[in-house]
Amino acid sequence: MRAPLCLLLLVAHAVDTLPVNRRKKQVGTGLGGNCTGCIICSEENGCSTCQQRLFLFIHREGIRQYGKCVHDCPQGYFGIRGQEVNRCKKCGATCESCFSQDFCIQCKRRFYLYKGKCLPTCPPGTAAQPSTRECQERSPSQKKGRRDRRPRKDRKLDHKGDVTPPTLAGGTVGGVSV
C-alpha cells in the first residue's frame, strides 16, 4: 500500500520540478500549436477550455479542428464572452473584419462598408470610395456645388460658353437699349 503512494508522490514531485515549457510539451501541442492559456488540452484537438479572460479560437481545416486560447480573436472573427466559455466567432460572409455579428469594420473585395454593413453598391445619397471600400455620405455643399455648375433655365450659353443675360423686349439690359 505504501509503495503505490510513494510512487505517486515521486511522480508528482518530478512533474513539479520540470521546467514549465517541458510540461506544456508533455500535455500536448497538437497541430504545431501549444496549450498556453488552456485549462483542458489534448494532443488531437488542442485546447477545449481556456483560462477565464481568454477566447477559445477553433481553427478548422477540412474535417479536423484544433482549439487555441487567444487574447484577441484573429481577423475575420470577433470575441463573444459567455458564462461558460469565451469564443471567437466568424464574421459574416461579406465582412473582412468585424466588431460583432451585426457590425462590420472592413469589407471583402467587391463590397462597400456603410453603417457597419457590407453592401454590393452604395445607397442613394452616398458615394463609393474605392481606396477604403466605404460609402461616404455626400455633404450638402457637394450637392449644392453641382446645382451651381448647371446653367439656369433663363440663361443661354453662346457658342463660346459665355453666359448671355436674357433679353427683354422694349427694355434695357445692363444700361443698353434693346
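Along the sequence shown, residues carry numbers from 1. When reading the values below, keep in mind they use all heavy atoms of this one structure, side chains included, and skip hydrogens, waters and symmetry mates. In this text the structure is predicted, and so the values were computed from the model without any measurement.
With rounding to the nearest 0.5 angstrom, the CZ atom of R60 is 15.0 Å from the OH atom of Y66. Distance check: C135 SG to Q129 CD gives 9.0 Å after rounding to the nearest 0.5 Å. Residue I63 holds its CD1 atom at 10.5 Å from CD of Q65, rounded to the nearest 0.5 Å.
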Please list, one pair per line, the donor and acceptor atoms closer than 3.5 Å that link side chains of residues 75-92 to other protein atoms, with sequence neighbours excluded.
unit_1: R81; atom_1: NH1; unit_2: R53; atom_2: O; d: 3.4
unit_1: N86; atom_1: OD1; unit_2: G82; atom_2: N; d: 3.1
unit_1: N86; atom_1: ND2; unit_2: Q52; atom_2: O; d: 2.8
unit_1: N86; atom_1: ND2; unit_2: L54; atom_2: O; d: 3.4

List, one per line, each side-chain donor-acceptor pair under 3.5 Å for residues 101-124, sequence neighbours excluded.
unit_1: K108; atom_1: NZ; unit_2: A93; atom_2: O; d: 3.2
unit_1: Y114; atom_1: OH; unit_2: E137; atom_2: OE2; d: 3.4
unit_1: K117; atom_1: NZ; unit_2: D102; atom_2: O; d: 3.3

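Screening C50, S48, C38 for a side-chain contact (heavy atoms from CB on, under 4.5 Å) involving L56 leaves a single residue, C50.
Think of I39 as one node in a network of Ile, Leu, Val, Met, Phe, Trp and Tyr side chains linked at under 4.5 Å; its network also takes in I40.
For a disulfide, the SG atoms of both cysteines must be under 2.5 angstrom apart; this holds for C41 and C35.
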